Amino acid sequence: MANGLPALKITNVKTILTAPDGIRLVVVKVETNEPGLYGLGCATFTQRPLAVATAVDEYLKPFLIGKDPDRIEDIFQSSFVSSYWRNGPVLNNAMSGVDMALWDIKGKRANMPVYQLLGGKCRNAVALYAHAGGSTFEQVGDNIEKFMDQGYRYVRAQVGIPGYSTYGSGGGKPTGRIWKPIDPNQETFEPTPYVNTVIRLFDYLRNRFGDDVELLHDVHERIPPIQAITLAKELEKYRLFFLEDVFAPEDIEYLRILRPQTSTPIAISELFNNAIEYVPMIKDRLFDFIRVHISQIGGISPARKLAALCEYFNIRTAWHGPGDVSPVGHAANLALDLACYNFGIQEQHVFGQRTREVFPGCPEIRDGYMWSNELPGLGIDIDEELAKKFPFPEHPLNGGWAPIRRLDGTVIRP
Ligand code: GCO
Ligand code: MG
């Protein structure tokens with residue numbers, strides 16, 4: 001620390017784009033002037049990955065080179081305002097790549113896993129929920145049973161709706177009349193058959209399993225708010241662990257109408273980017289589980305504050321954990337899950353062999369739990385040469401989503 005200036009400096013910031021299992025992942029690597037000392041962060045916004053790469057490579061890199069990587073909070077706050085306009089998914093993901101990498105570096109410097117820097121373990125391992133889908137109730141039930149046999153106490157149940165494209169499950173065995181869309185080539189969804197089928201699904205599952213398993217469901221913001229309220233009320237008797245994304249972010253004020261009507265536990269927020277979307281909802285206790293996608297809000301720094309805020313309102317964490325969170329992002333989820341008292345549940349994604357080879361140290365999943373490998377930092381690395389062998393797959397929309405429409409052709413929320 002000569003002349004009061006830091007000896008340790010950021011020397012490079014770069015994005016690594018890779019898709020070992022076909023899912024577009026964006027990882028940021030922050031390098032320092034200390035040989036071998038670098039950090040990794042997740043910046044995966046799988047529908048717009050190239051926009052995030054531009055934000056990192058063209059804007060954050062020149063802003064950060066020469067800065068002290070120990071000043072995580074200062075780097076977060078100054079990057080946040082360096083674009084003046086802020087809080088969007090692209091810039092938040094770019095900042096998350098850097099923020100997680102800085103926590104990784106600090107952990108390596110301290111020779112401690114990141115969960116230690118956050119206060120140490122509140123629990124030995126992190127309970128996971130698995131995804132069980134199927135085109136019939138029996139298939140969904142059989143898949144739930146398989147997970148229970150592997151030690152899972154929490155399972156998300158999604159069933160295909162005949163004739164429609166359904167989130168979380170393919171197919172759907174026709175049981176009644178199938179209405180044809182005006183345009184036969186479009187992906188179609190109708191809310192009413194979905195709501196009716198899901199209510200029957202949970203009736204079937206509770207009859208089959210009694211109280212042996214905790215059940216979850218993701219509505220994926222697809223239905224009109226008043227039907228979502230009906231669904232939440234009807235499902236109350238099946239005692240879900242949580243019902244996710246009953247409303248689109250644009251409709252969250254409906255939570256104020258839903259809450260007095262049902263005690264079905266509500267999980268929401270994977271689509272939130274901006275603190276003003278969640279802070280008012282938290283202070284009014286309008287949901288039970290915060291589902292934020294950590295890279296979408298800017299990384300570990302904002303997420304640890306959010307978890308602490310939620311703790312005072314007894315809202316539990318259920319950080320978003322699908323396949324389009326990179327293994328680095330899952331390692332960040334794990335660090336928070338272990339250290340935050342108000343942990344609720346963690347969504348799991350079991351990465352394929354290729355992804356595990358590209359990311360040595362990928363969090364271990366065993367007996368329905370995720371475990372820390374106890375390595376310093378986030379405990380995860382990347383084999384850059386191998387990552388290059390899995391470029392983003394060719395796709396007409398570069399990974400963007402095609403629309404889903406009603407029978408008459410009206411586009412809906414995905
Ligand atoms: C979930 C989610 C995801 C999202 C996906 C979007 O709860 O796991 O809803 O499956 O759809 O992450 O890219
Ligand atoms: Mg979801």
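Only this structure's heavy atoms are used, side chains among them; waters, hydrogens and symmetry mates stay out. Start at 1 and go down the list; that is how both ligands and their atoms are numbered. Bear in mind the structure is a predicted one, so any value in this text is a computation, not a measurement.
Proximity of the aromatic rings of Phe147 and Tyr129 is defined here by a centroid distance below 6.0 angstrom, and this criterion is not met. Aromatic ring centroids of Tyr194 and Phe189 lie under 6.0 Å apart.
Donor-acceptor pairing under 3.5 Å is lacking for the side chains of Tyr167 and Asp245.
Where the criterion is an N or O separation shorter than 3.5 Å, residue side chain and backbone included, Arg291 meets it with respect to ligand 1. Residue Asp218 has at least one nitrogen or oxygen atom sitting less than 3.5 Å from a nitrogen or oxygen atom of ligand 1, judged on distance alone. An N or O contact shorter than 3.5 Å links Asp324 to ligand 1 by distance.
Residue Trp401 has at least one heavy-atom neighbour below 4.0 Å for each of these atoms of ligand 1: 6 (C), 11 (O), 13 (O). Every atom of ligand 1 is numbered from 1 in the order shown, and the set under 4.0 Å from a heavy atom of Gln47 is 6 (C), 13 (O). Near Glu244, meaning under 4.0 Å from one of its heavy atoms, ligand 1 places the atoms 7 (O).
Contact check for Phe76 versus Val98: no side-chain heavy atoms found under the 4.5 Å cut-off.
Nearest protein neighbour of atom 9 (O) of ligand 1, counting heavy atoms only, is Glu270 OE2, 2.8 Å. Counting protein heavy atoms only, atom 10 (O) of ligand 1 is closest to Tyr167 OH, 2.6 Å.
Remark: Lys283 fails to qualify as a cation-pi partner of Tyr278 under the 6.0 Å distance and 45° angle criteria applied to the six-membered ring.
Between Ile412 and the choices Arg406, Glu190, Glu221, Glu187, the side-chain contact (heavy atoms from CB on, under 4.5 Å) rule is met once, by Arg406. For the side-chain contact (heavy atoms from CB on, under 4.5 Å) with Leu243, the lone residue among Val219, Leu216, Val198 that qualifies is Val219.
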| message | What verdict does the salt bridge (charged side-chain N to carboxylate O under 4.0 Å, His left out) test give for Glu311 and Arg316, after you've listed the backbone C-alpha separation in whole Å, the side-chain angles of each residue and the deciding distance to 0.1 Å? | response | CA-CA 7 Å; Glu311 181 184 331; Arg316 287 171 278 171; over 6 Å; no

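Residue Glu244 approaches the Mg ion (ligand 2) most closely through its N/O/S atom OE2. Within Glu270, OE1 is the N, O or S atom that lies nearest to the Mg ion (ligand 2).
Taking the six-membered ring where the residue is Trp, Phe241 and Phe289 present tilted rings, their angle falling between 30° and 60°.
Between Glu347, Arg156, His320, it is His320 that holds the heavy atom closest to atom 2 (C) of ligand 1. When Gln348, His220, Glu221, Gln158 are checked for heavy-atom proximity to atom 11 (O) of ligand 1, His220 turns out nearest.
Metal site remark for the Mg ion (ligand 2): Glu347 contributes no N, O or S atom at a distance under 2.8 Å. In summary, Asp218 places an N/O/S atom under 2.8 Å from the Mg ion (ligand 2), meeting the contact criterion.
For Tyr129, the heavy-atom gap to ligand 1 stays at 4.0 angstrom or more.
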